[in-house]
Amino acid sequence: MSNYDALGIRPVINANATLTKLGGSLMPPEVLRAMNEAANSFVDLPLLQRRVGERIAELTRNEAAYVTSGAAAGVMLAATACVLYHHPEVGMDFPQIASLKNEAIVHRNQRNGYDFAVQQTGMRFVEIDPTPRALRDAINEKTACIFWFEGRLVGEADTPLQEVIAIAKEHDLPVVVDAAAQLPPPENLWRFTGMGAALALFSGGKDLRGPQPTGLMLGRRDMIESIRVISVPNHGLGRPLKVGKEEMMGVLAAVERYLNMDHAAREAYCEDCVRMWRDALNPLPGISAERDYPNEANQPLPWCLITVDPGTLGRSASELVAAFLEGDPAISVFEVDETRFRLNPMTLNPGEEIIVRDACLALLQS
Ligand SMILES: *Cc1c(COP(=O)(O)O)cnc(C)c1O
């Protein structure tokens, strides 16, 4: 009996996405080994954060790096850094931010649930329309930074990031890119900061497959230095966002693994899964299965879109999504609407694509 079984909880096969509510991703053996080893001894934690940061910075071609307790924590710390780096005297008194620079500019359509982390610092959002003019008009002496949420939220009409960065530079303003789920490609670890963004934030527990409660803050050294004084083991706004020695060593191992990984082979695996599912499911009456691209958070990997005819099957797509989860084994698939769902190979362990196919064949026969 597993520890999950003992709690009456069934493991789930994840054909959905790197969702926190499912546990994000699975840590590979290299990561688990690094965490296990780290658990064997005490260590100088601030020094470890510094050395791990230096190593991750070198690997990701950034000036500096810091391990956060997730990308959302990174969003909060980055917003803080945007004020603290030119007001180091504030330190623990950070809640007085309202008297300093307390405005973060954001494109209106990029507002999202994770951006609450910016407001947790006491900062407020100034929403802009997607024009360079609107951006210029919004900048004033209270502006601390510009936030950019990369991925599906970026509107076609939004001023391109490169231009946002150029305008920000005219005013010596930092641009922070939340790129939590923008891996693959691995090159994104240096792309945004290479374009001139001050900081880029990534989840350690999504496709990197590091520990779930980790994230990376990559970019300017002066900004990363500014948050150390308010972060673990020091007191201040960052103190509740603790990262342990096991997580630091685990995410470092995850970054090393990710940069050495054969991403072309991984993409080929995803294409093979989608082709196999399509070939197996398309002959079924009332079912159409097609390759869809890019996937959930705009990652450049294929997934499979399945359209069902509820009339033929006697069940809607959302009823099927629930049935997958109630099945044995339980499978989580991506719900779209009443007639569509998606299967994502990105989060599968090799071999599970067959289990997913067989579950589909069992459930989708009308
Ligand atoms: C997933 C995600 C986050 C949160 O990341 P965590 O590592 O779970 O804290 C933040 N922003 C965006 C855009 C995300 O997709």
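We number each residue from 1, following the sequence as shown. Remember, it's 1-based here, ligands and their atoms both numbered in the order they're listed.
Aromatic ring pairs are classed by plane angle as parallel below 30°, tilted from 30° to 60° and perpendicular above 60°; the pair Phe202 and Phe192 is tilted.
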Dump the pairs for me: ligand 1 N or O, protein N or O, distance under 3.5 Å, to 0.1 Å.
| residue | atom | partner | partner atom | Å |
| --- | --- | --- | --- | --- |
| ligand 1 | 5 (O) | Ser203 | OG | 3.0 |
| ligand 1 | 7 (O) | Ala71 | N | 2.8 |
| ligand 1 | 7 (O) | Ser203 | OG | 2.6 |
| ligand 1 | 9 (O) | Ala71 | N | 3.1 |
| ligand 1 | 9 (O) | Ala72 | N | 2.9 |
| ligand 1 | 11 (N) | Asp178 | OD1 | 3.3 |
| ligand 1 | 11 (N) | Asp178 | OD2 | 2.6 |
| ligand 1 | 15 (O) | Lys206 | NZ | 2.9 |

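For Phe149 and His107, the ring centers are positioned 6.0 Å apart or more.
Comment: Arg275 does not engage Asp279 in a salt bridge, judged by the lack of any side-chain N to carboxylate O separation of less than 4.0 angstrom.
Both Trp148 and Leu218 are part of a single hydrophobic cluster, where members link through side-chain heavy atoms under 4.5 Å apart.
Pairs engaging residues 27-38 under the side-chain hydrogen bond (donor to acceptor under 3.5 Å, both in side chains) rule: none recorded [sequence neighbours left out].
Thr214 and Glu247 share no donor-acceptor pair across their side chains, judged by distance under 3.5 Å alone.
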